[in-house]
2 protein chains.
Amino acid sequence: MRRHILDAALRLFAHHGFKGASLQDIAAEVPCSKASLLYHFAEKEAILTELLTPPAEGLSALNGQLDALEGSRAVEPAVTGYVGLAMQFHLELKIIFAELPQMLGHPALAVIPPAVDRLADALAGRSREPGALVSARMVIGGVAVAVAGGVDVPPDVMRDELIRGARRTLGHPHS
Amino acid sequence: MRRHILDAALRLFAHHGFKGASLQDIAAEVPCSKASLLYHFAEKEAILTELLTPPAEGLSALNGQLDALEGSRAVEPAVTGYVGLAMQFHLELKIIFAELPQMLGHPALAVIPPAVDRLADALAGRSREPGALVSARMVIGGVAVAVAGGVDVPPDVMRDELIRGARRTLGHPHS
DNA sequence: CCCGACCCTGACCGATCGGTCAGCTACCAT
DNA sequence: ATGGTAGCTGACCGATCGGTCAGGGTCGGG
């Protein structure tokens with residue numbers, strides 16, 4: 001049941017945003033009563049945090065691996081790791097980008113923006129040059145939008161093209 | 001006064017989303033009364049449509065120019081034109097990407113997603129190959145996120161880096 | 001001096017929001 | 001049979017939402 005609620009909430013949050021999808025909407029999608037949602041979850045926000053915990057942990061684990069690498073050695077695993085996470089959690093990613101500003105208010109979600117910053121640092125090859133910083137942000141946003149937007153290609157092709165596009169963006173076309 | 005309202009609404013919509021920013025919030029930001037907002041604008045949504053009209057018209061005008069060009073000749077002006085629009089309307093762009101799904105419901109805003117599709121087609125050099133389609137979407141999202149996210153570089157440097165990054169993503173590094 | 005037009009506002013409306021609560025049902029070990 | 005527990009729900013709550021309305025303030029032109 002919790003799984004059904006989370007699935008329905010994931011779809012609705014991704015399509016209409018966190019504030020745009022009401023508990024009534026989620027209950028109608030499950031389907032169940034609104035009170036049943038609040039029996040399984042303490043509050044509406046608890047549903048969101050539980051939805052975003054897996055991708056947040058995935059990103060945190062990726063960052064842990066990337067921290068061991070230095071300089072440009074981190075770029076390639078950062079690209080493949082991020083593309084993999086983005087494709088696995090594409091709906092969650094949509095929520096994260098749409099709701100990113102108000103996440104700073106909720107402690108449980110506040111870990112995400114800094115984790116994105118750490119990923120950007122790895123994608124930039126630990127460089128502080130404006131070109132590297134901008135390119136890193138472009139990869140983060142570009143992969144997210146390409147995955148979220150409806151480009152109709154098979155998943156394995158999409159994954160390959162995302163990785164190659166990201167490498168080109170960063171100026172590391174080889175590998 | 002209308003200008004003050006639009007400015008306040010632009011900031012709040014960009015930070016909290018359309019549904020996340022209430023008329024009370026906007027009135028407090030202006031500052032004025034909530035009733036005053038609805039004297040100048042028929043409804044809350046009218047504020048949003050008026051905010052998004054200039055970037056929508058700018059994108060439409062850009063698409064008009066790009067339609068005259070064919071194949072890969074459209075790529076370079078598409079890149080520079082889109083980067084220019086993105087930097088000019090970076091807050092509006094944030095709203096557009098966060099609120100993109102529910103725009104299909106409102107006729108006044110429904111023109112935006114197809115316009116984005118036309119831009120993506122130009123960025124892809126009118127190609128139907130998966131690689132070109134994915135790269136075009138990556139440029140659209142990458143530029144938007146890089147502009148919206150707080151990369152602390154001077155505007156002219158940002159503009160230059162965005163154009164170069166987009167060209168690399170598309171595999172057109174020359175020019 | 002008055003009038004109409006334009007701005008602006010407090011008070012109010014129904015609807016919907018997130019959240020609470022008492023109680024119903026189904027099940028299971030004793 | 002019985003007591004307890006887990007799952008679920010309808011009814012309800014205060015707060016806030018977008019939106020309406022009657023009226024007050026402030027002008028410039030006749």
Side-chain angles (χ1 to χ4, degrees), chain A residues 1-53 91-92 94-96 98-110, chain B residues 1-53 92 95-96 98-110:
Chain A
M1 187 62 193
R2 282 175 60 94
R3 186 79 272 160
H4 290 169
I5 293 175
L6 289 172
D7 288 347
L10 177 59
R11 285 194 300 269
L12 292 178
F13 287 163
H15 280 248
H16 306 108
F18 177 68
K19 307 210 70 157
S22 71
L23 292 177
Q24 313 241 29
D25 298 333
I26 301 172
E29 177 90 358
V30 172
C32 70
S33 75
K34 183 181 63 164
S36 182
L37 304 180
L38 293 152
Y39 167 79
H40 291 281
F41 298 91
E43 51 188 359
K44 186 188 182 186
E45 196 186 294
I47 303 178
L48 179 65
T49 62
E50 187 146 330
L51 279 175
L52 297 189
T53 293
L91 286 180
E92 292 87 343
K94 210 168 169 181
I95 301 175
I96 290 175
E99 238 72 28
L100 202 140
Q102 45 237 13
M103 286 183 180
L104 301 173
H106 312 305
L109 275 48
Chain B
M1 186 63 195
R2 281 175 60 93
R3 188 95 303 249
H4 290 170
I5 294 175
L6 289 172
D7 288 347
L10 177 58
R11 286 193 299 270
L12 291 178
F13 286 164
H15 280 248
H16 306 11
F18 176 68
K19 308 211 73 156
S22 71
L23 292 177
Q24 314 243 26
D25 297 333
I26 301 172
E29 177 89 358
V30 172
C32 70
S33 75
K34 184 181 63 167
S36 181
L37 303 180
L38 294 152
Y39 167 79
H40 292 282
F41 299 90
E43 51 188 359
K44 186 188 181 186
E45 195 186 296
I47 303 178
L48 179 65
T49 63
E50 188 147 328
L51 279 176
L52 298 189
T53 294
E92 291 87 343
I95 302 174
I96 289 176
E99 238 71 28
L100 204 139
Q102 46 236 14
M103 286 182 180
L104 300 173
H106 313 305
L109 274 49

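The sequence lines fix the lettering, A, B, ..., with proteins before strands; numbering per chain opens at 1. Predicted model only: the values in this text are computed from it and were never measured.
Nucleotide dG7(D) holds its C1' atom 14 Å from the CZ atom of Phe41(A), rounded to whole Å.
At dC8(D), one or more side-chain N or O atoms of His40(A) fall inside 4.0 Å of OP1 or OP2 (strictly under the cut-off).
The shortest distance between side-chain heavy atoms of Phe13(A) and Leu91(A) does not fall below 4.5 Å. Counting only heavy atoms from C-beta outward, the side chains of Phe18(A) and Ile95(A) never approach each other to under 4.5 Å. Side-chain contact between Thr49(A) and Phe41(A): absent, with no pair of heavy atoms (C-beta onward) separated by less than 4.5 Å.
Expressed to the nearest 0.5 Å, how far CG of Leu48(B) lies from CE of Met103(B) amounts to 6.0 Å.
In the model, His106(A) has a side-chain atom that pairs as donor or acceptor with a side-chain atom of Glu45(A) under 3.5 Å.
Among Met1(B), Arg2(B), Arg3(B), the one residue that satisfies the side chain to side chain contact (heavy atoms under 4.5 Å, CB included) test with Ile5(B) is Met1(B).
Of the residues in residues 14-35 of chain A, those with a non-hydrogen atom less than 4.0 angstrom from any atom of DNA chain D are Cys32(A), Ser33(A), Ala35(A). DNA chain D lies under 4.0 Å from at least one heavy atom of each of the following residues of residues 42-52 of chain B: Glu43(B), Lys44(B).
His4(A) pairs by the side chain to side chain donor-acceptor pair (under 3.5 Å) definition with nothing, not counting sequence neighbours. The side chain to side chain donor-acceptor pair (under 3.5 Å) check on Asp7(A) picks up nothing, with sequence neighbours excluded.
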Which side-chain N or O atoms in residues 28-38 of chain B pair as donor and acceptor under 3.5 Å with protein atoms at least two apart or in another chain?
unit_1	atom_1	unit_2	atom_2	d
Glu29(B)	OE2	Arg11(B)	NE	3.1
Glu29(B)	OE2	Arg11(B)	NH2	3.1
Ser33(B)	OG	Ser36(B)	N	3.1

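When DNA chain C is scanned 5' to 3' for any atom under 4.0 Å from a heavy atom of chain B, the first and last hits are dC6(C) to dG10(C).
Residue Lys19(B) places its NZ atom among 12 or fewer non-hydrogen atoms of other residues, nucleotides or ligands, all under 6.0 Å distant.
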